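Please read these numbers as outputs of a predicted model, since none were measured by experiment. Remember, it's 1-based here, ligands and their atoms both numbered in the order they're listed. Just so you know, residue 1 is the first one in the sequence shown, and it goes up from there.
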Amino acid sequence: MAVHLTINGKEIETEDRKTILEAAQENGIYIPTLCYHSHLRPIGSCRLCIVDIEGSDVPKAACTTRVSEGMKVHTNSGRVRKMRQQAMELILMHHPLDCPICDKGGECQLQDLSYEFGIKEQPFHAKKPDFDIAPFCTPLIRQWPERCVVCLRCVSVCKEVVGNSAITLKGEGYDAVIYPSSPENCLSCGECLSVCPVGALTEALSPVRGRVWQIERTQTTCGQCGVGCQMEVSTYEDRPINVKTDDVTDDAPNFGSLCARGRFFYDYMIHESRVTQPRVRKGEEWASTDWEGAYEEAINRLRETLEKHGPESIGMIVSSRLPSEELARLYAFARQGLKTPHVDASHRLDLAPQIEILKALNGGGTGDPLNVLEKSDVVIVAGGNIDLNAQVVANRVRVARRDVRNKVIVVNPFKTPLDRTADISLTCNAGTETPVFYGLIKEALSENPDLQKAEGWEGLSSEVADYAAEAVCEAAQIDAKLFKKAVDLVKDKGSIAFVVGADLGRMPEGNGALRALANLALACRAAGKTVSWIPTTGYANAWGSLMAAAAIEGPKDGLTYGEMIQAIDTGKLKALIVVEEDPLSSLPGTSTVEAALKKLDFLMVVDLFETPTAKRAHLFLPSTSFMEKSGTFINMEGQVKRVTEVFPPMGDSRSAARIFEDIAAKMKLSVESGPNDSAALIEAFNERQETPVQGFFPVAYQPTRMEENSHLFLIPTDTLYNHHYGIDEPHAGAIRKLNKSPEYLMNPNDASRLGIEEGASVTLSANGAELTVTPVFSEDVKEGHLILIGHYHDTGVQRLFQFSLDKESKTPVMGLIRVNLKKD
Ligand code: FES
């Protein structure tokens with residue numbers, strides 16, 4: 001409702017839900033603040049924003065006081081100026097004036113306020129906290145307790161945005177200190193660091209520091225997952241030294257947030273093990289060469305393959321982390337230059353199975369924007385640990401719930417950090433997601449008259465007929481009361497957003513489970529509800545590669561990523577070009593992939609590091625990271641995000657686009673210019689938009705059963721998709737500091753059933769391969785399950801899997817495996 005008030009005599013109209021501070025800021029009226037942060041609920045701890053309100057005996061904090069009709073506010077009376085001065089003196093009682101040696105010097109809010117208030121000395125001195133500079137939950141952040149002004153921003157952001165409450169306030173009054181109370185919950189995202197207004201929290205990572213006037217800041221898009229987070233990278237002498245979000249506007253998808261990858265893992269790009277010179281294989285050894293020599297080798301080997309076996313004997317696998325400008329050129333090189341249809345990208349590993357769903361929901365467009373979360377009554381999150389794979393999306397889910405009080409339902413076979421803030425956790429047995437989704441359709445929607453009139457309902461209604469609540473709760477081992485609550489929400493609420501992680505599509509019946517979830521979304525829509533679909537993706541430009549695959553002219557419908565490995569094995573493919581992908585680490589069935597790669601006549605790898613795949617290559621060409629080039633990504637919302645060169649290419653490395661342009665020119669291949677950036681790809685893709693498919697997806701559900709000689713379902717949940725972080729030896733300094741081993745979580749009842757002691761190592765076996773691990777006991781894991789939290793590449797867990805692809809989506813199956821467990 002509109003209200004009218006005056007601030008310093010200025011007449012203002014605003015909404016009754018606003019605070020005096022918000023009304024003042026909207027109207028350009030300055031009120032000093034310290035603890036206030038626009039992304040957090042008002043804290044009201046610093047008292048710097050106090051204002052006089054006519055009729056009130058005492059001044060009130062502008063950040064916590066709502067406006068009201070007829071209110072008369074004075075922001076700068078003598079009384080409030082004096083009280084603010086006293087508040088500042090009390091704040092500084094805790095804070096040494098060590099600005100010359102503080103990392104925050106020159107960009108510290110308290111320093112600016114001290115200057116503004118004309119503070120020349122500290123009249124009061126508090127007792128020093130009885131703990132010294134120390135890691136703050138994570139080795140990536142240092143706490144300087146003496147500098148802390150106890151504004152509580154860090155505590156608020158950890159609780160409200162990250163949902164972790166890893167830090168808290170200890171003690172009272174002047175003895176109060178901020179304390180890492182639950183470091184085991186910390187995700188090392190650095191949100192606390194980012195909101196600290198002083199130098200009480202500093203980054204403990206880069207050995208190089210620079211004052212604001214010595215560094216250069218470049219705004220770019222993070223290339224480490226598909227959210228498209230906007231960030232500012234500080235460089236000192238052409239080296240990245242930190243990543244911030246201070247000047248990122250609120251319309252960016254990350255809304256000021258970053259995850260550990262975006263904020264801390266930047267230095268893999270300047271790691272000493274980067275290969276920056278082309279290499280050619282001479283027998284078992286590598287020999288360095290120059291670009292001319294490398295191009296000559298590439299051209300001779302490609303020509304030889306073309307002449308002997310024809311264009312269809314060459315395959316190309318490219319990374320969906322590359323900017324659209326590069327992807328368009330690579331697809332054009334393969335299709336138009338080499339004339340092979342066999343080019344595919346890493347979107348095949350996560351986003352590809354959801355394309356048919358988006359076609360059915362909206363005719364083939366991208367996912368919905370993240371701000372639909374604030375407009376939805378219910379958010380259903382399914383398909384993995386969103387906090388680890390796309391933490392910023394999980395943050396947005398939490399912030400939306402905080403701000404609009406919507407309801408969050410998590411459906412997953414293991415608990416995730418989001419479960420801590422979710423209203424309903426449907427932690428189901430592995431492989432029972434389809435019964436849960438179908439149970440929701442049957443119990444919440446099947447009586448809806450609009451749905452009953454929908455095309456295809458007859459078929460779907462008979463598919464869901466067996467999924468009454470009791471049967472679902474029995475099969476999925478979920479609490480009947482919780483399921484009933486979820487049913488009531490789906491039935492009663494008008495708008496539902498689906499946040500879908502990539503893990504679901506990688507399960508053995510994953511495509512079926514995704515289709516079952518899509519049927520729930522389609523049924524909600526047919527029942528008259530507003531439905532949104534947000535597919536998370538681990539690749540910065542999964543949409544860019546997907547659109548390039550659709551839009552770039554030339555022979556199409558070739559083999560997919562996984563099918564190319566099978567085709568090498570059968571001798572159909574003789575040469576493979578791999579650009580910033582690592583099939584040997586990314587695919588299940590390591591021995592199958594390894595054996596296939598050995599059969600190749602020619603393997604050319606273009607990458608930053610000598611990956612396990614690159615170690616088997618005949619030719620290695622060094623390429624550049626996303627900070628060494630300019631271009632655009634299409635983020636998971638379908639928006640174009642600019643990538644700006646932050647520092648020049650390392651050594652003699654070259655962008656993949658340049659490499660393939662050079663090779664095409666030297667081979668005199670005819671590569672036409674087609675859509676060659678994100679905007680053009682989107683336009684070309686949209687021209688192919690189809691009418692949304694009517695009806696529902698068929699789902700042939702097969703329960704995932706335990707086999708006789710197996711003990712547990714192992715579910716690997718990959719925390720980091722980027723093989724560039726290092727396989728044997730971490731390339732990112734932050735990962736080295738975190739020094740985290742992969743964790744295998746097991747229910748204590750399984751441990752006692754199998755006679756496993758806490759801390760004892762066990763051998764997992766499946767498909768003739770073995771892996772020795774040390775399980776950690778956790779009540780959060782359902783009986784019968786073993787949850788791996790760790791870098792998929794580092795664990796070697798893919799060795800336990802057989803190489804197999806989903807029949808429909810061709811996604812490699814690596815989401816779940818039955819394992820036998822033996823005590824060591
Ligand atoms: Fe209002 Fe701190 S900004 S009390």
With a 4.0 Å cut-off, would you call [X] and [Y] a salt bridge?
| X | Y | answer |
| --- | --- | --- |
| Lys244 | Glu232 | no |
| Glu15 | Arg17 | yes |
| Glu26 | Lys18 | yes |
| Asp16 | Arg66 | no |
| Glu203 | Arg142 | no |

For ligand 1, would you mind listing the residues that have at least one heavy atom less than 4.0 Å away, ordered by chain and number?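 Those residues closer than 4.0 Å to ligand 1 by some heavy atom are Thr33, Leu34, Cys35, Tyr36, Gly44, Ser45, Cys46, Arg47, Cys49, Cys63.
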Measure across Leu92 and Leu110 and return the closest heavy-atom pair with its distance rounded to 0.1 Å.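 Taking Leu92 first and Leu110 second, the nearest heavy atoms are CD2-CD2, 3.8 Å.
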